[in-house]
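Heads up, the thing below is written out as structure tokens.
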Amino acid sequence: MMSGQIPEYLQGLNPEQLEAVCHEGNRLLILAGAGTGKTRVITTKIAYLVREKHVLPESILAVTFTNKAANEMRERAMGIEPACERAIIRTFHSFGAWFMRRNAQAFDLKREFTIYDDDDSAELVHSIFPTFSKRDCGDYAFLIAKAKDYGLPPDAPNLGFVSQHPEFRRIYAAYEERLRATGNVDFGDLILMPARLLEKDEAIRSRTQQRFRVILVDEYQDSNVAQFRLLQQLASPEAMLCVVGDDDQSIYRFRGAEVRNILSFQTVFPETKLIKLERNYRSHQKILDLAHSIVSHNASRLGKKLLATRLGGTKPRLAILDDQDQEIEYCAYIARQHLQHGGHWRDIAILYRTNAQSLGFERLFPHYDIPYRIVGALRFYEREEVKDMLAFLAFLANPRDEVSFKRIVNKPTRGIGTSSIEKIVAAALQDDSDLLKASEKVIQGAHGKGKEGLRQFLSLIEGARSSLGKGLNDEGNPGMLGALIADFAKNSGLIDFYRGKDKISGTQKEENIEELVNAASDSPLSEDGLLEFLDTVMLDQSQQRNDTNADAVTLITMHNTKGLEFPAVIVTGLEQGLFPRNEEEGDDIEEQRRLFYVAVTRAKEELYLTACRWRRLHGRLFETFPSRFLTEIDTELYELWGASRQVPHTGYTQGALGPQHYRPETKPEWVPGMTVYHDEYGNGTVIKVTPSQSAGPLVIVKFETGKVAQFFPKYTKKLERVEH
DNA sequence: GATCGTTCTATTTTT
DNA sequence: TAGAACGATC
């Protein structure tokens, strides 16, 4: 700093945060636990570098994983130092797209490429292999995406790491070839292609490295192998590379995230300075202790322990309930109580592992008069009609885009059958031309209804292309993209088509189109405007405008809660087989444990955990056992909520759906000192028996191996009394 | 090319 | 249980 005077924006940082902001070494790993103010650190650091160190904002690159996080980062940095507007603050993928558009030639791409999402990829696989089922196509697309996440091209020797399938390499290679023919890229390409280009093209590499003197990465624990390779290429030894993350919150392994990126950061860059942020500003200590008790069972972690700055707080509470309906009723009861104590509905979040678990809440909450909102259910850009419009735009931008062409060419039906479409696609591939030219060609030989339909479609596209080229609306003024979409919806007959569907099925397709038109109403009617709009839309498929302000209970998957916080959190469905699933072991178990950790660290004041003895799954009723994660938690850290007394009723009585046939068996008694045998742990001695009201006694056993574990004998069959 | 009945299958999802 | 996907049928 220039003088002894500490600038205002640095005041209020704790010593570790301040150190993280001011540290000047080239490799910095900030291990930031949940709720430790990591966004504040990263944004303050950007502003600090610009303001105090006179780093050019343009030479700062900050990458995150979600658009929401990127936007927040930019706004907060600008709040401190307006010049930060010029910094490149983007998601990884949006940075990739930015980089690829600027260097399109080096990638052998036309400027007008658009981005295929996962569905489009699956469609492309289906195009190449029409005999494959939709499902298989989706699976292959997933594997291809995963291969790219791991940085593996089709000819990679170790492609077997992703799939052992003998045909996978061939399928992947065919996909790549066809994708290149369309001139488009997929999500994986946005990372892997820049990484590979920088690896092999020294001129571009050094030019890029000279530009970016500072590289910051948020949520680093979620980065994948390809992203790591990209970072390695972007960051010259002289550049400052600062990664911020929490190894305990890595929960996207199934999507290619590689915890080892953060675990081994110090090994890869030995000069790394490590700063841990462990002061938590969100939750009180009792919640943090429970969270720590969970995650400390993981072997693969750098290790850190959160310390609360907030005082007081009540112990988390565990409730063992009979079945889902009772679990829902319990949640309703908790929510109501919260309100009676002056809280709001919006303070409460109900967390679950699978989306399907929201169904019960949706069914019963109206009866309990509990307002709710579901986060992450159906996404705006996944809707049929929205995808149709986007396909139209994408095809307008890039007439080689086979997937988009197929989606709209015969919708609504214009009599263009599969065989005509195949002919057109084949002709385009044959002549290495685009689908418009190929259509013109095929139209010669066509006749009847199909010919007329194709002519209609072509004139529709021609009209749109010409107004895009002119950039003017009907009055001769500069036009907007929104109007183009609206015109297309009308002229193509799609709007009538949707209107009909809306009438029959009560959907809101027409409204959704209007919403999309609105979203595009600020985009200029030009090639650039079009590409920019498509990028924004394709790269931000987050659940649109769910009114966060509404006073309603939040229903949400544990995954979706990352980065959020709530005064009261209920983590439901803590049963073996559901969370974790039975087949999960090793690294998977550790990831699930981290997910549990993420879930409980969302709570600011109240934390509730629930498990059911019976769970309906795929229409069948199963007897379940408490999650192994529950038995791992030190019993001192939570209170057991007794449920042998009835869950207080909230007015609504349900039908006799419950499992009436279930009668708790009377198990033999358990007393301290008793010798027991456990399926996995062997012989042991009961050291303590705690009665509970609903779950039967809780038995704590010290095994000969030294391991201490606790059980509800009522729920486990693995623990047996040894007869004397 | 729409509609109906049968069959299958069943996490999580930043981009 | 419930939704999607596929094949058969009109």
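Residue numbers start from 1 in every chain, and the chains themselves are labelled A, B, ... in the order their sequence lines are given, proteins ahead of strands. Please read these numbers as outputs of a predicted model, since none were measured by experiment.
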Protein-nucleotides 6-10 of chain C N/O pairs under 3.5 Å:
residue : atom : partner : partner atom : Å
C:dC6   : OP1  : A:K134  : N            : 2.7

Atom-to-atom span, [atom1] of [X] to [atom2] of [N] - whole angstrom:
| X | N | atom1 | atom2 | result |
| --- | --- | --- | --- | --- |
| A:N71 | B:dT14 | CG | C1' | 13 Å |
| A:L621 | B:dA10 | CG | P | 21 Å |
| A:L359 | B:dA10 | CG | C1' | 13 Å |
| A:R363 | C:dT1 | CZ | P | 12 Å |
| A:E362 | C:dT1 | CD | P | 18 Å |
| A:E382 | B:dT15 | CD | C1' | 12 Å |
| A:D119 | C:dA4 | CG | P | 13 Å |
| A:I191 | B:dT15 | CD1 | C1' | 8 Å |

Identify the pairs formed between an N or O of the protein and an N or O of nucleotides 11-13 of chain B at a distance under 3.5 Å, and give each distance.
residue : atom : partner : partner atom : Å
B:dT11  : N1   : A:R581  : NH1          : 3.4
B:dT11  : O2   : A:R353  : NH1          : 2.7
B:dT11  : O2   : A:R353  : NH2          : 2.6
B:dT11  : N3   : A:R581  : NH1          : 3.4
B:dT12  : OP1  : A:N355  : N            : 2.6
B:dT12  : OP1  : A:N355  : ND2          : 3.3
B:dT12  : O4'  : A:R353  : NH2          : 2.9
B:dT12  : N1   : A:R353  : NH2          : 3.3
B:dT12  : O2   : A:R353  : NH2          : 2.3
B:dT13  : OP1  : A:T557  : OG1          : 2.7
B:dT13  : OP1  : A:N560  : ND2          : 3.1
B:dT13  : OP2  : A:N355  : ND2          : 3.0
B:dT13  : O2   : A:R255  : NE           : 2.4

### Query
Using atom P of each nucleotide, how far apart are B:dT12 and C:dA5 to the nearest Å?
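Here B:dT12 and C:dA5 have their P atoms 15 Å from each other.
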
#### Entry: Ion pair check, A:R616 and A:D323, cut-off under 4.0 Å
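Salt bridge between A:R616 and A:D323, a charged N being under 4.0 Å from a carboxylate O: no.
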
### Task
Answer yes or no: is there an ion pair linking A:D118 with A:R255, defined by an N-O contact shorter than 4.0 Å?
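So A:D118 pairs with A:R255 through a salt bridge.
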
### Task
Any chance you could lay out the salt bridge (Lys or Arg N to Asp or Glu O under 4.0 Å) test for A:K411 and A:E384, step after step, and finish with the verdict?
CA-CA 11 Å; A:K411 191 171 183 181; A:E384 178 200 6; 2.6 Å; yes

### Task
Could you give me the CA-CA distance, side-chain angles and deciding distance for A:Q357 and A:T354, then say whether side chain to side chain donor-acceptor pair (under 3.5 Å) is met?
CA-CA 6 Å; A:Q357 286 165 262; A:T354 66; 2.9 Å; yes

No-hydrogen, no-angle side-chain donor-acceptor test under 3.5 Å, [X] and [Y]:
| X | Y | result |
| --- | --- | --- |
| A:T114 | A:N184 | yes |
| A:E219 | A:Q221 | yes |
| A:Q592 | A:R353 | yes |

### Task
Examine A:R101 relative to A:F113 and say whether NZ or CZ is less than 6.0 Å from the centre of the six-membered ring and inside a 45° cone about the ring axis.
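A:R101 over A:F113 ring: yes.
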
### Task
Please tell me which of A:F497 and A:G619 maps to the more 5' nucleotide of DNA chain B, matching each residue to the nucleotide holding its nearest heavy atom.
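By nearest-heavy-atom nucleotide position, the 5'-most residue is A:F497.
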
### Query
Just checking A:N224: base, sugar-phosphate only, or nothing, at a heavy-atom cut-off of under 4.0 Å?
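The residue A:N224 makes no contact with any strand.
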
### Task
Taking ring pair (Phe, Tyr, Trp, His ring centres under 6.0 Å) as the test, write out the residues that go with A:Y175, two or more places apart.
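Expected list: none.
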
### Task
For B:dT15, take OP1 and OP2 only and decide whether either is under 4.0 Å from a side-chain N or O of A:N67.
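Checking A:N67 against B:dT15: at least one side-chain N or O falls below 4.0 Å of OP1 or OP2.
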
